[in-house]
Protein chains: 2
Amino acid sequence: MQRFAPDYGWFGGGFGPAPMHSAPTTGAGSMTPGPTAAPVSPERLPDGAEGQLTSDEYNAWRGFLRSHQALCRVLDEELQRDTGVPFVHYDVLVQLSNAGGRLRMRDLAGRLLVSRSGATRLIDRMERDGHVIRERCSQDGRGQYAVLTSEGLKVLDRSRPSHLRGVRQRFLSQIDDDQLLAIGAAFTRVLRELERETGESLL
Amino acid sequence: MQRFAPDYGWFGGGFGPAPMHSAPTTGAGSMTPGPTAAPVSPERLPDGAEGQLTSDEYNAWRGFLRSHQALCRVLDEELQRDTGVPFVHYDVLVQLSNAGGRLRMRDLAGRLLVSRSGATRLIDRMERDGHVIRERCSQDGRGQYAVLTSEGLKVLDRSRPSHLRGVRQRFLSQIDDDQLLAIGAAFTRVLRELERETGESLL
DNA sequence: GGCAAATCGTTGCATCCGCAATCAACTATA
DNA sequence: TATAGTTGATTGCGGATGCAACGATTTGCC
């Protein structure tokens with residue numbers, strides 16, 4: 001299962017000439033796929049402005065993408081198995097708890113980084129589960145609060161330790177203190193840049 | 001739009017006593033939500049084994065989660081706008097290109113970290129777009145290859161520069177060289193740990 | 001060789017999500 | 001105060017995904 005080029009094709013010119021491919025209509029089929037893949041020189045800096053990634057850049061970016069996928073899947077499975085709560089619901093419980101128990105739908109959507117309709121449906125489900133209830137907003141007749149129920153809080157308290165253990169084992173304990181600081185600072189800057197670009201508040 | 005406690009409630013004991021909440025059946029409604037949120041002491045180490053996060057840990061973990069959400073959304077929008085290709089399709093094109101132009105469905109699913117049915121549907125769509133075709137596998141009668149078409153390769157080449165520019169601007173250029181190395185190394189370890197746990201190959 | 005078990009890709013089904021449209025309620029301006 | 005424009009939440013709809021089940025094929029074992 002060796003994989004020479006660490007895929008994503010983002011640095012080092014990939015495979016030299018250009019891979020053969022069959023026309024969309026008929027596949028010629030005389031291809032010998034793997035063995036002649038050009039070995040890639042590491043640390044090749046971006047050529048012009050057109051953008052290849054150095055191997056360090058590549059590692060960071062692809063590691064970021066794939067770690068997130070794999071990590072979230074595993075954590076979600078674990079959470080569901082242990083407490084029956086999906087990762088997204090857990091996130092809602094935490095946000096509500098941190099906000100003092102209640103949050104306008106709009107603000108909840110903002111903190112979760114989901115659309116408004118997404119938040120509506122999410123709270124629908126969690127209301128069915130008895131973990132939140134809706135309450136009309138007295139100041140603004142259009143508004144709805146999502147309110148954490150005692151059942152919801154119990155579920156949060158019950159699932160937090162195991163979830164945090166999972167996060168520690170798979171993420172935090174793989175990272176030494178310097179890296180932790182570096183990562184925290186880097187992501188803060190990333191979010192700040194995205195805030196600047198989109199106008200949304202992300203921090 | 002101030003937000004005192006950096007939400008996710010993962011360090012520092014959150015709000016002291018326990019937030020009031022109404023019973024699921026009837027919301028009493030006499031809550032004064034925000035202002036008395038207990039100020040949080042930063043850098044409080046995990047108390048026992050039950051797991052709170054230090055603020056550094058919290059920053060890294062939450063930054064990781066939120067950056068990914070925000071970043072992928074923006075990059076996907078940009079990619080779709082510029083070239084009509086969704087981020088997922090781009091990933092497929094890259095994987096195929098790196099593999100020399102063709103990949104068994106199973107391997108493609110593995111590299112994309114999606115389910116097999118997910119890969120099937122994905123290739124269905126991309127085949128409709130003319131970016132890939134299917135080819136039977138001669139060695140294994142069960143197998144199918146997803147094969148990059150010349151059209152697909154053209155699309156990849158056309159979208160790569162702009163996409164990479166976006167990745168640079170929003171991610172790589174927010175990170176200095178030390179941080180880049182730290183992040184790359186950290187994620188590699190994270191993936192290795194997940195490989196150990198799940199048995200799948202992720203690197 | 002022959003049969004059981006495993007693997008590959010696909011499909012039905014259910015779930016979840018975002019966009020656009022909608023209705024209700026608030027705000028600003030004349 | 002009247003009216004237009006904005007904002008909040010919900011709903012219909014289509015798209016994308018995973019799980020379980022299925023048929024086809026290969027592999028392992030006797």
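Proteins get letters first, then strands, A, B, ... in listed order; numbering begins at 1 in each. Everything numeric here is computed off the predicted structure, so don't read it as measured data.
- Applying the salt bridge (charged side-chain N to carboxylate O under 4.0 Å, His left out) test to B/Asp157 and every residue at least two apart in sequence or in another chain returns B/Arg160.
- Straight-line distance from the CD atom of A/Gln139 to the C1' atom of D/dG8: 15 Å, rounded to whole Å.
- Straight-line distance from the CD atom of B/Gln144 to the C1' atom of D/dG23: 14 Å, rounded to whole Å.
- Residues A/Arg111 and A/Ala99 come closest through the heavy atom pair NH1-CB, 4.2 Å.
- Counting only N and O atoms by type, the side chains of B/Glu193 and A/Gln169 include a donor and acceptor under 3.5 Å apart.
- Remark: B/Arg142 is not in phosphate contact with D/dT26, judged by side-chain N or O atoms under 4.0 Å from OP1 or OP2.
- Taking the six-membered ring for Trp and thresholds of 30 and 60 degrees, A/His68 and B/His68 have nearly parallel ring planes, at less than 30 degrees apart.
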Go along nucleotides 11-20 of chain D 5' to 3' and tag each nucleotide: B for a protein heavy atom under 4.0 Å from its base, S when only backbone or sugar atoms are that close, - otherwise.
BBB--SBBB-
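- Rounding to the nearest 0.5 angstrom, the gap separating the CD atom in A/Gln80 from the OH atom in A/Tyr90 is 14.0 Å.
- Counting any heavy atom pair closer than 4.0 Å across all strands shown, A/Arg134 reaches sugar-phosphate atoms only and no base atom.
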Evaluate the criterion side chain to side chain contact (heavy atoms under 4.5 Å, CB included) for residue pair A/Trp61 and B/Leu71; output intermediate values, then yes/no.
CA-CA 11 Å; A/Trp61 176 239; B/Leu71 211 38; 3.8 Å; yes
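- The shortest non-hydrogen separation linking A/Gln69 to B/Leu112 is NE2-O, 3.0 Å.
- Taking a heavy-atom distance under 4.0 Å as the criterion, the stretch of DNA chain C touched by chain A extends 5' to 3' from C/dC16 to C/dC26.
- The separation between A/Asp140 atom CG and D/dG8 atom C1' is 7 Å, rounded to whole Å.
- Looking at B/Glu135 and B/Arg104, no side-chain N of the basic residue comes within less than 4.0 Å of a carboxylate O on the acidic one, giving no salt bridge.
- One interatomic measurement links the two molecules: CD1 of A/Ile123 to P of D/dG8, which rounds to 17 Å at whole-angstrom precision.
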